[in-house]
Amino acid sequence: MSSPFRSRPAPQGTLRLFRFKGIDVFLHWSWAVVAVIDLQTRHNEYRSPIWNVAEYLSLFAIVLLHEFGHAFACRSTGGRADTILLWPLGGVAYVNPPFRPKAWLWGIAAGPLVNVALIPVTFAASWYFGVEHAVRPTDFQRFVSTVTFINLALLIFNMLPIYPLDGGQIVMSILWFFVPFERALSISAYVGMAGAAVGLAFAIHWGNYWMVAIALYAAWNCWRGIQLAESIRQMRRLNEPSYARRGL
Ligand SMILES: [Zn+2]
């Protein structure tokens with residue numbers, strides 16, 4: 001996911017992991033809590049628990065590569081991107097692209113394109129290590145097959161056309177070619193709100209608390225999108241010409 005609405009997150013509760021090409025990568029404290037819960041609840045998947053750790057780290061490595069895709073694409077259009085935050089619901093690249101639909105579209109599409117690029121890599125690894133035909137797969141073979149699945153699942157989930165997921169933001173950027181920004185944003189955010197409501201209903205029905213958290217987070221993002229669209233609309237009404245230049 002990428003968040004074009006802020007260029008820098010509050011550093012509270014985060015740990016700076018490293019800096020790459022001028023992009024600071026922060027990790028939120030809650031990541032460690034969820035990692036411990038995840039590792040404790042899934043300890044039967046592998047013979048050796050070290051593979052659970054490797055799997056969890058791989059998930060975040062894939063998410064991190066995806067976020068770097070957003071950040072570098074944003075920079076390639078002349079925008080600013082200097083922060084990536086990793087937290088249990090994934091990653092957020094704080095990007096400030098130029099206020100043009102083409103620049104936004106490329107900045108958003110580049111994230112999922114990283115996952116697309118990883119598909120042949122993970123499938124080649126699965127094939128090379130004979131994952132498919134293993135009768136009694138080793139821990140390593142299970143790990144390779146799970147990472148292949150994780151990358152595909154992340155791609156499919158991110159590409160759902162529901163704002164604020166990447167797929168929904170791609171739809172928004174395409175709409176923006178035809179209608180003003182605030183209209184494209186509010187349409188996408190209302191569709192996203194409906195999607196989040198449906199997701200929340202299913203999540204409660206299935207008792208999946210993880211999905212509840214994701215649906216609420218999505219709904220909150222949609223709410224912010226709707227409010228932003230409304231304030232831009234008001235600025236336009238007041239004939240405030242600098243709303244775009246001032247950034248979001
Ligand atoms: Zn993304």
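Counting convention: from 1, in listed order, for ligands and their atoms alike.
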**Asked** If you draw a 6.0 Å radius around CH2 in Trp127, do more than 12 non-hydrogen atoms from other residues or ligands fall strictly inside?
**Response**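 Counting neighbours around CH2 of Trp127, 12 or fewer heavy atoms of other residues, nucleotides or ligands fall under 6.0 Å, so no.
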
**Prompt:** Crowded around Trp106 CH2? As in, over 12 foreign heavy atoms under 6.0 Å?
**Reply:**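 Atom CH2 in Trp106 is not packed in, count stays at 12 or less.
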
**Prompt:** Between Ser186 and Arg233, do the side chains contain an N or O donor and an N or O acceptor separated by less than 3.5 Å?
**Reply:**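 Their side chains do contain a donor-acceptor pair, which is all the 3.5 Å distance test asks for.
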
**Message:** If I take every N, O or S atom of Glu67, is at least one of them less than 2.8 Å from the Zn ion (ligand 1)?
**Reply:**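 So Glu67 does not bind the Zn ion (ligand 1) by this criterion.
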
**Request:** Kindly give the atom name of the N, O or S atom of Asp166 closest to the Zn ion (ligand 1).
**Result:**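 Nearest to the Zn ion (ligand 1) within Asp166's N, O and S set: OD2.
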
**Asked** What is the NE2(His70)-the Zn ion (ligand 1)-NE2(His66) angle, to the nearest 10 degrees?
**Response**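 His70 NE2 and His66 NE2 form an angle of 100° at the Zn ion (ligand 1).
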
**Request:** Give the ring-plane orientation class for Phe72 versus Phe68, where under 30° counts as parallel, over 60° as perpendicular and anything between as tilted.
**Result:**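 Ring orientation, 0 to 90° scale: parallel.
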
